[in-house]
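Contents: one structure, followed by commentary.
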There are 2 protein chains.
Amino acid sequence: MVKRTSFEGDSCPIARSLEALGDWWSLLIIREALFGLRRFGEFQNKLGMAKNILAARLRSLVDHGILATAPASDGSAYQEYVLTPKGHGTFPILVALRQWSEEFDDHPEEIATILVDRAKGRPVKKLEMRAEDGRLLSPAETTLKPRPAPRRRSA
Amino acid sequence: MVKRTSFEGDSCPIARSLEALGDWWSLLIIREALFGLRRFGEFQNKLGMAKNILAARLRSLVDHGILATAPASDGSAYQEYVLTPKGHGTFPILVALRQWSEEFDDHPEEIATILVDRAKGRPVKKLEMRAEDGRLLSPAETTLKPRPAPRRRSA
DNA sequence: CTTCATGGTTTTATAATGCAACCACACAAG
DNA sequence: CTTGTGTGGTTGCATTATAAAACCATGAAG
């Protein structure tokens with residue numbers, strides 16, 4: 001396999017996000033980190049993935065600023081992997097994937113869990129596209145526009 | 001490379017979604033279909049990807065029910081690829097990826113476009129997690145719950 | 001009919017993945 | 001202190017996934 005096309009320099013933010021998130025297993029590792037896993041062994045045990053791939057993915061996620069390493073919380077000499085704010089920011093992506101699957105999966109009965117509001121136990125509402133003024137938007141009611149040049153910032 | 005682990009039988013909807021969407025290029029093909037591309041050559045020209053990979057991806061997206069083939073709209077004998085409702089349902093995923101990248105990208109100045117409300121030209125609002133009753137939810141305010149057994153349906 | 005366009009298919013070589021074995025250090029127990 | 005187990009990797013190997021390029025079959029236009 002020749003090297004996969006990199007989307008790193010792409011002008012589209014979707015493509016750019018795939019550079020950080022698009023490797024096989026990456027989103028599932030983030031999912032587990034959101035559930036609170038932190039230790040290499042925890043990720044490995046939960047996901048059942050190859051250790052060399054896990055090591056490479058964790059390294060990549062750290063390099064992309066999604067995870068950070070921190071001293072283990074039990075006081076041992078080991079390191080843990082903790083989500084950064086950038087990592088936490090992936091939550092809507094995971095929710096979107098989940099809701100798409102729940103709605104369109106060929107075998108919805110194979111899905112084991114639903115995402116609920118912790119306080120009430122009720123399902124989280126479907127994600128909605130909304131305009132600045134709150135109007136609900138369908139995909140057809142959106143479009144792309146050139147990004148305005150950023151304002152100059154004082155040094 | 002040995003065969004990648006399949007998430008097909010996974011009980012988590014996020015993992016399951018990656019089976020259909022997780023191949024390199026798949027989400028970008030869908031993005032282009034959402035922009036209105038339909039013909040093999042259009043996808044190929046726009047994305048600049050290898051034709052054999054494009055053919056394989058289009059086949060996979062059709063097999064997963066995200067795209068369907070239809071006679072070409074110009075009356076020729078060719079086929080077109082059109083998004084199904086399931087395909088259109090991926091829009092929030094793409095929006096979530098876009099918004100994550102816009103917020104956290106190391107080089108936001110390299111992003112060329114913003115997603116706007118077509119009528120007003122104003123940026124689309126950031127996606128929000130909301131409870132059934134409309135309360136805004138942080139990730140910590142959500143949890144997973146076993147999916148209730150489906151009701152028996154009349155034959 | 002000829003020529004070009006379209007939508008693939010096939011071949012080839014390298015990167016990406018998973019498996020399994022190995023390794024270096026950390027930690028715990030005696 | 002020694003020994004054994006746990007932890008977090010690293011390494012070697014084989015197969016699949018990817019991209020590039022060439023090839024091919026049909027469609028369309030003149």
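Atoms considered below: every heavy atom in the structure, side chains included; atoms not considered: hydrogens, waters and symmetry mates. Chain letters run A, B, ... following the sequence lines, proteins first and then strands; every chain starts at 1.
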Whole angstrom value for the distance that separates [atom2] of [N] from [atom1] of [X]:
X	N	atom1	atom2	value
A:Leu54	D:dG8	CG	P	10 Å
A:Leu47	C:dC19	CG	P	13 Å
A:Ile29	C:dT17	CD1	P	10 Å
A:Asn45	D:dG9	CG	P	14 Å
B:Phe43	C:dG7	CZ	C1'	13 Å
A:Arg59	D:dG8	CZ	P	14 Å
A:Gln79	C:dC25	CD	P	16 Å
A:Glu42	D:dG9	CD	C1'	16 Å

Next item on the list: Answer with base, sugar-phosphate or nothing: what part of the nucleic acid does A:Tyr81 contact at a heavy-atom distance below 4.0 Å?
Entry: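 Sugar-phosphate only.
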Next item on the list: Tell me, please, which residues at least two apart from A:Glu103 pass side-chain contact (heavy atoms from CB on, under 4.5 Å).
Entry: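 Testing A:Glu103 for side-chain contact (heavy atoms from CB on, under 4.5 Å), a comparison that skips the adjacent residues, returns A:Lys126.
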Notebook entry, point to check: For A:Gly75 and B:Ala55, take the nucleotide of DNA chain C holding the closest heavy atom to each; which residue's nucleotide lies nearer the 5' end?
Noted result: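 The residue closer to the strand's 5' end, by nearest nucleotide, is B:Ala55.
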Notebook entry, point to check: Nucleotide by nucleotide, 5' to 3', does protein get under 4.0 Å of the base (B), only the sugar-phosphate (S), or neither (-) in nucleotides 19-27 of chain D, counting heavy atoms?
Noted result: BB------S
What pairs meet the salt bridge (charged side-chain N to carboxylate O under 4.0 Å, His left out) rule with one or both residues in [range], with sequence neighbours excluded?
range	result
residues 136-145 of chain A	none
residues 47-60 of chain A	A:Arg59-A:Asp63
residues 72-84 of chain B	B:Arg38-B:Glu80, B:Arg39-B:Asp74

Check: Going through the distances and angles, do B:Leu67 and B:Leu83 end up as a side chain to side chain contact (heavy atoms under 4.5 Å, CB included)?
Finding: CA-CA 4 Å; B:Leu67 290 175; B:Leu83 282 167; 3.7 Å; yes
Notebook entry, point to check: Is it true that A:Glu110 and B:Arg16 make a salt bridge, defined as a side-chain N closer than 4.0 Å to a carboxylate O?
Noted result: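 A salt bridge links A:Glu110 with B:Arg16.
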Check: Looking only at side-chain N and O atoms, does B:Arg39 come under 4.0 Å of OP1 or OP2 in C:dT6?
Finding: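 So the side-chain polar atoms of B:Arg39 never come under 4.0 Å of the phosphate oxygens OP1 or OP2 of C:dT6.
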Pairs under 3.5 angstrom only: tabulate donor-acceptor contacts from the side chains of residues 21-29 of chain B to other protein residues two or more places apart or in another chain.
{"unit_1": "B:Asp23", "atom_1": "OD1", "unit_2": "B:Arg4", "atom_2": "NH2", "d": "2.5"}
{"unit_1": "B:Trp24", "atom_1": "NE1", "unit_2": "A:Thr5", "atom_2": "O", "d": "2.8"}
{"unit_1": "B:Ser26", "atom_1": "OG", "unit_2": "B:Asp23", "atom_2": "O", "d": "3.4"}

